[in-house]
There are 2 protein chains.
Amino acid sequence: MSRRDPGPPPGGRSAGGKLLAVLDAFTRERPALTLSELARATGVPLSTAHRLVAELCAWGGLERSADGRYRVGLRVWELGALAPRGLGLREAALPFMEDLYEVTHENVQLAVRQDTEVLFIERFAARDAVPVLTQVGGRFALSATAVGLVLLAHAPAEVQERVLAAPLHRFTEHTVVDPRRLRAVLAEVRRAGCAVSDRQVTVDAVSVAAPVLARGEVVAALSVVVRGSSAAAVRSVTPGVRAAARAISRAVEQAGLTPEVLSAQPAG
Amino acid sequence: MSRRDPGPPPGGRSAGGKLLAVLDAFTRERPALTLSELARATGVPLSTAHRLVAELCAWGGLERSADGRYRVGLRVWELGALAPRGLGLREAALPFMEDLYEVTHENVQLAVRQDTEVLFIERFAARDAVPVLTQVGGRFALSATAVGLVLLAHAPAEVQERVLAAPLHRFTEHTVVDPRRLRAVLAEVRRAGCAVSDRQVTVDAVSVAAPVLARGEVVAALSVVVRGSSAAAVRSVTPGVRAAARAISRAVEQAGLTPEVLSAQPAG
DNA sequence: AGGGTACTTCCGTGTGGCGGAAGCCCGGTC
DNA sequence: GACCGGGCTTCCGCCACACGGAAGTACCCT
């Protein structure tokens, strides 16, 4: 290698690590890459990238279409289906989310926290519901959405501090960006047992979220997003969200999903 | 290595390949493994497995809970969400599946073919619908389910031959296991444009499936499973399934998902 | 034709993956 | 409390195998 540092190289990574770096190159914004793009994105020499990609293709982790671009393969999707916080959680929550959806016909969302972001696990949206920025498999800042507020309010202190220390992104004029105010909001979320995001992400949407618990720990959050310009619009769906979140909590426990299994962040 | 063969070792695999082998050890039946189990399952020495697993954990591909077991991590789920045939297809199909579900309140399923098996991408089931053996992220034989018949009927000849050459698994007394009869069934599926599985998987369920097309190629199949003991039970839902499948086809094309992107099986 | 881009293949080099072995921790048993 | 066994972690020297530069191929576009 042309690098001279003996420590762990920042970009390159060792052996199998390169393989993972190739997978990391795929994002929602760039879900299809040519070999050269891949090599550039990962900083791996072309010939090496070529070999790694061939290996991943043979395994099913990547697929190549006739236009020469690579995409994430179905094998990865299939494997991901085994993640407890992915499909496991979803399976438990689905029936209740469906009920909520049928009753409201608004956006119904289920999300978990991953480090300092929300990750959306499931979402139903009627064709005529308010458009929202979130999508399944997509991430979002913790501080703006209702699900995010619930998850943040019950996150370890260390995580909260990290979020509060970093500058908070402003989406609309209603977005809370003052750390002091956010602290107050989080306290209120803990007291009330649910969170409201009033036009903090988009100016035409309000959302309510309630926590999903496993053995007393918050492991996910459920929300409904409705069109509206004030918290009043939210009042009618709040009981439904809270009830569904409780029902999901029960289903989660019944499915044998403990907070242990549903927490695990970095590990070693 | 203690092996003496110079060719590609059957189990061990090379470098990054071992890493993928570790991931492969996780299945729906064994979604949580200890380090030792992992080492045994992959045939990799314990110390090597330890290193690989640490690498995967650091990346987020595996998570370790306090009981010492490893599970597939959320990072894999997130990546899998980028697979066109996974979430991409699902996103396009979801609204129409919801409609169908609301109208019928029966099992509504979306599946694709992966080599000689069906893989279920999405499924809705009311709490009181017929219990079925399939689950999202799970595989199944092509020859028995209605979705499988649709996918098999329009698969490349080479795939059909392989399926017909292998012994066909019998689930119930109605399962078609004679290759000659199956050929006839497939021809009828192609002619009719939809498939019926009459108690071929479980004795109390009948299902109808219709193909989802992209630029004229069959890329997925949609089905509804209803309780019933004869094909008559199916008649009432057939038009709905066919209409929804067509609607999904349109949505798939509109989403820019070409057959190219949705086909790609092995690649090199 | 010529230059550019993208992909594929080859092969000598040396590095980092490999795995045996020893040590550690915990829980069960006598 | 000593002993034992199973599972996990760490260490380290050897050498296979991954690495990537370079040359070759294919296919644009000018």
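To find a chain, count down the sequence lines: A is the first, B the second, and so on, and within it residues start at 1.
Classification of A:Glu63 and B:Arg85 as a salt-bridged pair holds, one side-chain N sitting under 4.0 Å from a carboxylate O. Ionic pairing of A:Glu55 and A:Arg51 is not present here: no N-O contact between side-chain nitrogen and carboxylate oxygen is shorter than 4.0 angstrom. Using a 4.0 Å cut-off between charged side-chain N and carboxylate O, A:Glu117 and A:Arg113 make no salt bridge.
The listed nucleotides are D:dG20, C:dT9, D:dG7; the one nearest the side chain of A:His50 is C:dT9. Of the candidates C:dT8, C:dC18, D:dG7, the closest approach to any side-chain atom of B:Thr48 belongs to C:dC18. When the nucleotides C:dC18, D:dT9, C:dC7 are ranked by their closest atom to the side chain of B:Leu52, C:dC18 comes out on top. Taking only side-chain atoms of A:Arg64, from C-beta outward, the nucleotide of D:dC8, C:dG19, C:dT8 with the closest atom is C:dT8. Distance from the side chain of B:Tyr70 is smallest for D:dT9 among the nucleotides D:dT9, C:dT8, C:dG19.
Between B:Val261 and A:Arg71, the closest side-chain pair of non-hydrogen atoms falls below 4.5 Å.
For the pair A:Leu20 CG and D:dA18 P, the computed distance is 15 Å after rounding to whole Å. Atom pair B:Leu38:CG and D:dG6:P shows a separation of 19 Å (rounding to whole Å applied). Rounded to whole Å, the distance from CG on B:Leu35 to P on D:dT9 is 6 Å. Spacing between atom CG of A:Leu46 and atom C1' of C:dT8 amounts to 9 Å, rounded to whole angstrom units. D:dA18 atom P lies 14 Å from atom CG of A:Leu56, rounded to whole Å. Distance, A:Leu19 CG to C:dG16 P: 17 Å, rounded to whole Å.
Phosphate proximity of C:dG17 to B:Arg51: absent, as no side-chain N or O sits under 4.0 Å from OP1 or OP2. Note on A:Lys18: every side-chain N or O is 4.0 Å or more away from OP1 and OP2 of D:dA18.
Each of B:Arg40 and B:Ser47 lies near DNA chain D, and the nucleotide nearest B:Arg40 is the one positioned closer to the 5' end. The residue among A:Thr34 and B:Gly16 whose nearest nucleotide of DNA chain C is located toward the 5' end is A:Thr34.
The closest donor-acceptor contact from the side chain of A:Gln160 to the backbone of A:Ala153 lies under 3.5 Å.
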